[in-house]
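Heads up: the structure comes next, in structure tokens.
So you know, we letter chains A, B, ... as the sequences are listed, proteins then strands, and number each from 1.
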Amino acid sequence: MTELTTTRHNPLIDPHLHIWGTDVTIYLFLGGMVGGIMVLTGLYYFVKGINRETPSFIRNSMLASPVLLSIGMFFLFLDLENKWHVYRFYLTFKVTSPMSWGSWILIFVYPVSVAMIVLANRGRWWVNWYPPAARLVEPFWKLIAAGNVLFGAVLALYTGILLSAFTARPFWNNGVLAPLFLISGISTGAAFMILFHDGSSVREKEELGMIKLGLITAELIALVLYISSLLTSVANQREAVHLIMGGPYTAHFWVLVVGIGLVVPLLLQTLEALHKLESRFVMPLLVLVGGFALRYLMVQGGQLSETVARLTEVLR
Amino acid sequence: MFRKVRYVMVIDTKKCVGCAACVFACKQENNVPEGYCRDWIEQEVRGTFPVLTMENRSQRCQHCDSPPCVYACPTGASHVGTGGITLVYKDLCTGCKACIAACPYDARYLHPDGYVDKCTFCEHRVKVGMQPACVAVCPTNCLHFGDVNDPNSNVRKLLDTRRSHTQKSELGTQPQLYWLD
């Protein structure tokens with residue numbers, strides 16, 4: 001028998017780390033989703049060019065993306081303990097700090113995102129009111145589309161890299177986490193765009209649906225890779241993965257993330273593709289619920305994982 | 001010849017009785033707020049009565065040579081000071097808590113005033129030639145502090161003459177708390 005006693009009792013640290021809560025989860029979710037919208041919109045222009053009218057659901061979701069990102073950043077701001085020092089993020093650049101990278105990436109995300117809004121809405125009066133902004137951005141449409149794909153992907157990837165860089169937390173410290181968050185971000189971005197579909201631009205919606213099908217499949221594969229790479233890794237990572245394989249987050253993970261967030265949408269999307277059985281709101285909403293649940297479980301599980309691994313090692 | 005100072009702590013768990021004098025000395029010296037601690041005692045008991053073994057460990061920041069907390073800090077608040085001591089500029093700290101998540105030893109905490117706080121090896125005392133408060137107060141002399149690069153220092157001699165280990169060395173943080181076997 002082993003008995004481990006500690007006199008440490010620091011708030012937010014003991015009995016296990018719980019420094020980040022729902023506010024950080026909201027940022028990671030919205031950041032990934034906005035990144036996904038940017039990637040898909042940028043790709044749309046690359047494939048279709050700018051000579052045709054942009055479908056309204058793409059325009060509207062693009063319009064919402066800087067707002068969503070700002071909401072996410074507001075929650076991140078709420079998480080800071082010393083809010084008056086928020087400007088310190090922009091007085092230095094720390095190359096070893098993923099959070100520093102994340103702060104500076106946002107500086108590039110906003111302008112390319114706004115430029116894309118102008119491009120997508122260049123026929124609207126409120127863009128061409130004064131000065132005629134469309135004339136300014138049109139010659140650079142390829143650059144703007146590329147910028148959206150690049151910075152959108154970096155934004156969605158970054159949310160995973162932020163967590164996977166922490167070697168101290170075995171549940172996070174995995175190379176598959178960043179691509180998993182990227183795929184999930186693009187998937188939630190596509191779901192958000194489908195929510196805005198108003199019945200017109202049917203072909204584009206169908207194409208987006210097929211992309212969605214591929215993304216859900218890719219996310220399932222990434223999840224299998226994530227779990228298997230933890231299971232075949234060193235002892236503390238093998239212990240950490242039990243959080244979702246018999247541990248306290250098992251039901252949440254398999255029901256919310258895999259079941260509701262991936263498998264059911266996969267079936268609904270397949271039915272839509274094969275039999276034209278459209279699930280107007282249900283499928284995208286389920287994907288959004290699954291995307292949020294994935295990030296929530298990752299944030300919470302990662303913080304718990306080191307304590308679980310350490311205690312298992314001591315008590316073995 | 002120039003010699004780089006590297007402060008380390010060597011802990012003899014065979015001498016430690018777990019009295020927690022180091023913990024209270026630290027609280028007093030560094031004005032640690034109530035309910036928080038920069039150092040703490042871990043007690044591990046193995047076996048079944050009457051066949052038992054017990055180890056007391058006076059834990060604190062490991063002042064790593066490759067400190068993940070410093071690498072994770074986005075503002076430069078967490079930094080490495082003189083002698084390799086890991087410190088925090090509280091005026092630069094945003095309270096983002098990335099350093100807390102990065103520390104494998106959970107040695108940092110969030111001060112009620114909104115910045116991250118931790119063991120400083122009592123840098124203010126070391127600067128004037130004194131020992132850290134925990135070392136100075138230890139009644140069993142199980143804590144040893146000094147410059148590991150000084151061949152005449154107590155810590156250098158202990159590490160040269162006794163077997164020791166570090167904690168979680170597999171993470172590559174190169175911790176500078178040495179535990180005598």
Side-chain angles (χ1 to χ4, degrees), chain A residues 1-14 16-20 24 76-77 79-104 162-163 165-170 172-173 234-236 299 302-303 306-307 310 313-315, chain B residues 18 20 23 33 35-49 52 54 56-59 68-78 89-117 168 170-173:
Chain A
M1 192 185 80
T2 303
E3 190 176 270
L4 188 66
T5 315
T6 178
T7 63
R8 195 181 66 194
H9 43 67
N10 287 330
L12 303 179
I13 312 295
D14 297 303
H16 68 81
L17 195 73
H18 51 289
I19 48 172
W20 289 332
V24 170
L76 202 57
F77 173 74
D79 181 68
L80 293 182
E81 298 300 326
N82 199 341
K83 295 177 178 53
W84 293 109
H85 283 187
V86 65
Y87 66 95
R88 296 276 185 199
F89 282 101
Y90 295 104
L91 295 185
T92 183
F93 172 63
K94 288 281 297 295
V95 71
T96 57
S97 167
M99 206 176 268
S100 186
W101 280 89
S103 314
W104 285 100
L162 173 73
L163 300 183
F166 291 119
T167 51
R169 312 293 154 195
W172 289 341
N173 188 215
V234 292
N236 65 348
V299 171
Q303 295 181 87
E306 202 278 331
T307 308
R310 190 165 62 99
E313 186 190 333
V314 169
L315 301 177
Chain B
V23 178
Y36 295 81
C37 58
R38 288 184 178 189
D39 59 350
W40 63 97
I41 303 293
E42 267 178 17
Q43 187 178 71
E44 191 177 321
V45 181
R46 283 182 179 274
T48 311
F49 184 81
L52 294 168
M54 185 176 77
N56 293 307
R57 296 189 288 261
S58 175
Q59 292 276 18
C69 51
V70 173
Y71 300 154
C73 176
T75 65
S78 284
Y89 291 127
K90 63 179 180 183
D91 291 340
L92 293 184
C93 183
T94 59
C96 71
K97 296 163 279 191
C99 59
I100 297 179
C103 177
Y105 308 98
D106 286 341
R108 293 173 163 240
Y109 67 90
L110 196 66
H111 194 282
D113 290 345
Y115 61 89
V116 171
D117 197 23
K168 296 187 182 177
E170 72 278 5
L171 294 178
T173 56

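Taking chain A as the reference chain and counting heavy-atom pairs below 4.5 Å, the highest number among B:Gly172, B:Ala77, B:Pro68, B:Cys103 is found for B:Cys103. Most heavy-atom pairs under 4.5 Å with chain A, from the set B:Gly47, B:Gly76, B:Gly18: that is B:Gly47. Across A:Thr6, A:Asn10, A:Thr7, the residue that shares the most heavy-atom pairs under 4.5 angstrom with chain B is A:Asn10. Contacts with chain A were tallied for B:Val70, B:Asp91, B:Thr48, B:Asp39; B:Asp91 has the most, counting heavy-atom pairs under 4.5 Å. Contact count versus chain A (heavy atoms, under 4.5 Å) is highest, among B:Gln59, B:Glu42, B:Met54, for B:Glu42.
The CD atom of A:Gln303 lies 9.0 Å from the NZ atom of B:Lys97; values are rounded to the nearest 0.5 Å. Here A:Glu3 contributes atom CD and B:Glu44 contributes atom CD; the two are 10.5 Å apart, rounded to the nearest 0.5 Å.
Identified under the side-chain hydrogen bond (donor to acceptor under 3.5 Å, both in side chains) test for residues 83-96 of chain A, with sequence neighbours left out: A:Asn82-A:His85.
Interface remark: B:Ile41 contributes backbone and side-chain atoms alike to the contact with chain A (heavy atom separation under 4.5 Å). Interface residue A:Leu80: backbone and side-chain heavy atoms are both found under 4.5 Å from chain B. Heavy-atom distances place both the backbone and the side chain of A:Ile19 under 4.5 Å from chain B. For A:Trp101, no part lies near chain B; criterion is any non-hydrogen pair under 4.5 Å.
In this structure, A:Thr167 contributes its side chain and B:Leu171 its backbone to no donor-acceptor pair below 3.5 Å.
Closest approach of A:Ser97 and B:Cys73 over heavy atoms only: CB-O, 3.5 Å. Shown here for B:Tyr36 and A:His9, the closest heavy-atom pair between the two residues is N-CE1, 3.8 Å. Between A:Trp172 and B:Ala101, the shortest heavy-atom contact is CZ3-CB, 4.3 Å. Shortest non-hydrogen contact noted between A:Phe166 and B:Ala72 is CE2-CB, 4.2 Å. A pairwise comparison of heavy atoms in B:Thr94 and A:Phe89 identifies OG1-CZ, 3.7 Å as the closest pair. Contact detail for A:Ile13 and B:Arg108: the closest heavy-atom pair is CD1-O, 3.4 Å.
More than 12 heavy atoms of other residues, nucleotides or ligands shown are found within 6.0 angstrom of NZ on B:Lys168.
Between A:Asp79 and B:Cys96, every side-chain heavy-atom pair lies at or beyond the 4.5 Å cut-off. The shortest distance between side-chain heavy atoms of A:Arg8 and B:Asp106 falls below 4.5 Å.
Scored by the ring pair (Phe, Tyr, Trp, His ring centres under 6.0 Å) test, B:Tyr115 finds B:His111 as partners (sequence neighbours excluded).
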Take A:Glu81 and B:Val116, measure what side chain to side chain contact (heavy atoms under 4.5 Å, CB included) needs, and give me the verdict at the end. CA-CA 9 Å; A:Glu81 298 300 326; B:Val116 171; over 6 Å; no
